[in-house]
Number of protein chains: 2
Amino acid sequence: MTKDLYQQLARLGKAAASPARLQLLDLLCQGPRTVESLSNETGLSFANASQHLRVLYAARLVETEKTGLFVTYRLPDDSVCSFFQALRSLGEQRLAEVESILRQFRDAPHSLEPVEKRALLSRVRKGDVILLDVRPEEEYRAAHIPGAVSVPLKHLNARLATLPRGKEIVAYCRGPYCVLALEAVRLLRAKQFRAARLEDGIPEWRAQGLPVAAGQDSR
Amino acid sequence: MTKDLYQQLARLGKAAASPARLQLLDLLCQGPRTVESLSNETGLSFANASQHLRVLYAARLVETEKTGLFVTYRLPDDSVCSFFQALRSLGEQRLAEVESILRQFRDAPHSLEPVEKRALLSRVRKGDVILLDVRPEEEYRAAHIPGAVSVPLKHLNARLATLPRGKEIVAYCRGPYCVLALEAVRLLRAKQFRAARLEDGIPEWRAQGLPVAAGQDSR
DNA sequence: GACATATTCAACTAATCTATTGAATACTTG
DNA sequence: CAAGTATTCAATAGATTAGTTGAATATGTC
């Protein structure tokens, strides 16, 4: 009977055994997306992305919703993202290569200290700090830190004029291993803005019991 | 750079993609063991068990220690067992087949209600309840619930005479999916003992912050 | 109904994985 | 040093997986 258990759990292990599928899961942690969007974001060919999504679907790790021509893939509940984070945590503890990658992110200049996150929220509410969400807007709409402004990295240059120079700017993206916020901070500081990177993405933020909003930018 | 991350995490996924390796990890959660012991307990051939252990070693999920002819495999730290439990938890939430297996265990007669575990400890200390650890003795020595008596299932019949009839007996083994305690309870009740099964194994017990002892039975 | 679009399927090739078998290695014992 | 024991390695065959290519399917538009 317990052979069955290991057989079933191995289904999940197999689903997690491909770099492509892990990247898809990581993206879906930020919010639901279509196959086209996932293909674009990951660089996988269309057919290949679809194939991997079917594998994840067979393992019950994703759900689908069809709207007209478009199929939207989403994570069925938090357990899948929690599992992805457990896998990543294990990697951080057991694999020097993962620790090294994380170290590179953390040693990058202008990373926010692991400050009390609620203090950050408070300063954002007071207007003392501008919080930028530099992910693609569909991810912002799915979930974002309250008070954050959506300025996708690819639009950052065009939006610089709208950013106040006198205030500190904190940028975040998909989490500890995402380069978007690093890039944004680099760009902002090159233009003499005071900027820093927040390591947390939405899943990490949510896991700490911190508040999360959704929908359009309320500005 | 983040492609690297997924590549590295996929190493861990691949290690977890085999039923045989998951069973080995599950056993090692109970304590260190030799190849021979692992082979016997899992039913894998010697060479096959060794091969899978080498894969786990390459993924940095196990460590080895050689003593004379014998190689002892162990989990390097709690993160590996925590990951196994995260995988199992995901299975419980996402796979009907895993939920069904768990249901079969929970619906078995004479399973202890998820009672306050500290109350159980108290009653064991008072001598009101006899707590039996029915795993192989080497697992008991590695770690056990304080106050538990080691009576491996295969020796239970021979040890019946030493068990008091007037007291309640609670048996536990490797965790929610282990049949040893179910079998022990069945046997005990057939001989008119008052017996029940505790679902928790040592990893589950430890994860709840409950105390764990190690070494020989102190009776 | 033809055409366009989004997605999935099927077939193929190459790579990877699993279990077995027999050999090799490392260590112990007499 | 030979023999025994525990473990790992290498080779093999068969099974499974990954990515590509082209076809098929489902839906929308005109």
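Note on naming: letters A, B, ... go to the chains in the order of the sequence lines (proteins, then strands), and numbering restarts at 1 for each one. What you are looking at is a predicted structure, and each value in this text was computed from that prediction instead of being measured.
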Within this structure, what is the [atom1]-to-[atom2] distance between [X] and [N], rounded to whole angstrom?
| X | N | atom1 | atom2 | result |
| --- | --- | --- | --- | --- |
| B:F46 | D:dT5 | CZ | P | 12 Å |
| B:F70 | D:dT5 | CZ | C1' | 8 Å |
| A:E65 | C:dA6 | CD | C1' | 16 Å |
| A:R54 | D:dA18 | CZ | P | 16 Å |
| B:Y73 | D:dT7 | OH | C1' | 8 Å |
| A:L53 | D:dG19 | CG | C1' | 15 Å |
| B:L44 | D:dT8 | CG | P | 14 Å |
| A:L56 | D:dA18 | CG | P | 10 Å |

Original post:
Hey, which of B:V185, B:L163, B:L198 is the one that makes side chain to side chain contact (heavy atoms under 4.5 Å, CB included) with B:L132?
Top reply: B:L163
**OP:** With sequence neighbours excluded, tell me which residues meet side chain to side chain donor-acceptor pair (under 3.5 Å) with A:S37.
**Re:**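 Once residues adjacent in sequence are excluded, the partners of A:S37 under the side chain to side chain donor-acceptor pair (under 3.5 Å) criterion are A:R33, A:E138.
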Original post:
Ion pair present between A:E204 and A:R88, side-chain N to carboxylate O less than 4.0 angstrom?
Top reply: yes
Original post:
So, is B:S45 near the phosphate of C:dT20, with a side-chain N or O under 4.0 Å from OP1 or OP2?
Top reply: yes
Original post:
Would you call A:D200 and A:Q208 a side-chain contact if the rule is heavy atoms closer than 4.5 Å?
Top reply: yes
Original post:
Can you check whether A:R174 reaches A:L180 side chain to side chain, under 4.5 Å on heavy atoms?
Top reply: yes
**OP:** Output yes when a side-chain donor or acceptor of B:R94 lies under 3.5 Å from a complementary backbone atom of A:R60, and no otherwise.
**Re:** yes
Original post:
Is the side chain of A:T67 donor-acceptor paired with the backbone N or O of A:F70 at a distance under 3.5 Å, no angle test?
Top reply: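 Pair absent, no side-chain N/O of A:T67 close to backbone of A:F70.
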**OP:** Return yes if a side-chain donor-acceptor contact under 3.5 Å exists between B:Q8 and B:R11, otherwise no.
**Re:** yes
**OP:** Let me have a per-nucleotide readout for nucleotides 13-18 of chain C, 5' to 3', with B, S or -, counting only protein heavy atoms under 4.0 Å.
**Re:** ----SS
**OP:** Could you encode protein contacts along nucleotides 22-30 of chain C as a string, one character per nucleotide from 5' to 3', using B for base contact, S for sugar-phosphate-only contact and - for no contact, with a heavy-atom cut-off of under 4.0 Å?
**Re:** ----BBS--
Subject >> Parallel, tilted or perpendicular, as decided by the 30° and 60° cut-offs, for the rings of A:Y177 and A:F105 >> reply: perpendicular
